[in-house]
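Report on one structure; see the data block that follows.
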Amino acid sequence: MASLATPSQLASRLQKDVDTASAQLALDHASGFVRAIARQQFDFVSQETVILKGGERVITLPQRPLVVDGSNPLTVVELGEFGGTDVPMIENRDFSRIGNELTRGYPWWWNQTTRLMGYPRARPLGVWSMRVQITYSHGYTTMPDDIVGVALDAASPL
């Protein structure tokens, strides 16, 4: 992955000339450190497929920000258990999306006894299946200033 900042940005931050190779090495290490602490890639990734654990009402996508537009669709499929049928989900019908959270239907306590679905109709309506496959795009095409600043701070000598 590319560094979160450039050697010229580091030179501007330090207000002095820097050796480009040394600055790049420091920025590579600092970028890896920032990514590890934040548990985020930050760089734009198009159409990554992940399988997440379900069984709850809300699924939180691991990478942010979520990018959904005409060329970057969000595809959600509940995977069938033990060779069962995979069920494609449709946004605003089967689930709602707020930020990087996908919420399925109703809370578990809301009319649970009469709102059952799935084969053989044994799972509450507001709960995701045990495994959910999601294909989505995430990240930044242009790195935000605050992330660049953190990487520059981490790469700067004390």
Side-chain angles (χ1 to χ4, degrees), residues 1-6 9-10 13 26-156:
M1 279 188 236
S3 293
L4 298 173
T6 63
Q9 290 172 319
L10 183 60
R13 170 64 67 93
L27 287 167
D28 289 344
H29 289 279
S31 298
F33 175 72
V34 171
R35 285 185 174 106
I37 294 297
R39 295 182 183 168
Q40 295 294 306
Q41 294 176 3
F42 297 117
D43 299 314
F44 182 75
V45 176
S46 180
Q47 297 300 290
E48 179 179 19
T49 299
V50 295
I51 296 177
L52 300 175
K53 177 182 172 286
E56 300 288 334
R57 181 174 176 238
V58 177
I59 289 180
T60 302
L61 298 175
Q63 296 292 319
R64 296 181 297 265
L66 179 65
V67 177
V68 179
D69 56 24
S71 58
N72 296 297
L74 173 66
T75 306
V76 180
V77 177
E78 285 189 328
L79 299 177
E81 297 177 23
F82 306 110
T85 304
D86 296 346
V87 181
M89 299 283 109
I90 298 173
E91 187 174 358
N92 296 325
R93 185 192 76 182
D94 300 317
F95 69 94
S96 62
R97 172 176 50 96
I98 298 176
N100 67 323
E101 291 186 342
L102 308 180
T103 304
R104 178 105 162 102
Y106 306 98
W108 64 270
W109 47 264
W110 191 79
N111 204 9
Q112 183 177 3
T113 57
T114 59
R115 292 192 160 275
L116 299 178
M117 67 169 296
Y119 186 79
R121 297 198 180 354
R123 189 164 40 85
L125 177 63
V127 178
W128 289 99
S129 68
M130 296 312 291
R131 295 181 318 132
V132 180
Q133 177 179 304
I134 302 171
T135 302
Y136 70 113
S137 299
H138 56 82
Y140 300 100
T141 53
T142 303
M143 206 55 60
D145 291 339
D146 55 347
I147 296 171
V148 171
V150 170
L152 291 172
D153 286 344
S156 299

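At a threshold of 4.5 Å between non-hydrogen side-chain atoms, the residues Met1 and Ser31 do not count as touching. A 4.5 Å side-chain heavy-atom check between Leu52 and Leu61 finds at least one atom pair inside the cut-off. Val148 places a side-chain heavy atom less than 4.5 Å from the side chain of Gln9. Val77 is listed as a side-chain neighbour of Leu79, based on a closest heavy-atom distance under 4.5 Å. By the 4.5 Å heavy-atom criterion applied to side chains, Val127 and Arg57 are not counted as neighbours. Residues Leu4 and Leu27 fail the side-chain proximity criterion, which asks for heavy atoms closer than 4.5 Å.
The side-chain contact (heavy atoms from CB on, under 4.5 Å) search around Ile90 returns Arg93, Asp94, not counting sequence neighbours. Under the side-chain contact (heavy atoms from CB on, under 4.5 Å) criterion, Ala26 pairs with Ala155, not counting sequence neighbours. Residues passing the salt bridge (Lys or Arg N to Asp or Glu O under 4.0 Å) test with Asp28: none are found, sequence neighbours excluded. Scanning for salt bridge (Lys or Arg N to Asp or Glu O under 4.0 Å) contacts around Asp86 gives an empty result, with sequence neighbours left out. Shown here are the side-chain contact (heavy atoms from CB on, under 4.5 Å) partners of Ala38, two or more places apart in sequence or in another chain: Gln40, Phe42. Shown here are the salt bridge (Lys or Arg N to Asp or Glu O under 4.0 Å) partners of Arg131, two or more places apart in sequence or in another chain: there are none. Residues satisfying the side-chain hydrogen bond (donor to acceptor under 3.5 Å, both in side chains) criterion with Thr135, sequence neighbours excluded, are Thr49. Taking Val76 as the reference, Leu74, Met89, Phe95, Leu102, Trp128, Val132, Ile134 meet the side-chain contact (heavy atoms from CB on, under 4.5 Å) condition, with sequence neighbours excluded.
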N/O donor to acceptor pairs below 3.5 angstrom from side-chain atoms of residues 64-72, sequence neighbours left out:
unit_1 : atom_1 : unit_2 : atom_2 : d
Asp69  : OD1    : Ser71  : N      : 3.2
Asp69  : OD1    : Ser71  : OG     : 3.3
Asp69  : OD1    : Asn72  : N      : 2.9
Asp69  : OD1    : Asn72  : ND2    : 3.1
Asn72  : OD1    : Ser46  : OG     : 3.4
Asn72  : OD1    : Ser137 : OG     : 3.0

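The environment of CZ in Phe33 is sparse: at most 12 heavy-atom neighbours from other residues, nucleotides or ligands sit within 6.0 Å.
Counting only residues at least two apart or on different chains, the side chain to side chain donor-acceptor pair (under 3.5 Å) pairs with a member in residues 138-147 are Glu48-His138. The salt bridge (Lys or Arg N to Asp or Glu O under 4.0 Å) analysis of residues 31-45, with sequence neighbours excluded, yields the pairs Arg35-Asp43. Residue pairs meeting the ring pair (Phe, Tyr, Trp, His ring centres under 6.0 Å) criterion with at least one partner in residues 69-92, sequence neighbours excluded, do not occur; the list is empty.
Rounded to the nearest 0.5 Å, atoms OG1 (Thr75) and CD (Glu91) are 10.5 Å apart. Atoms NZ and OG, from Lys53 and Ser129 in turn, are 11.5 Å apart once rounded to the nearest 0.5 Å.
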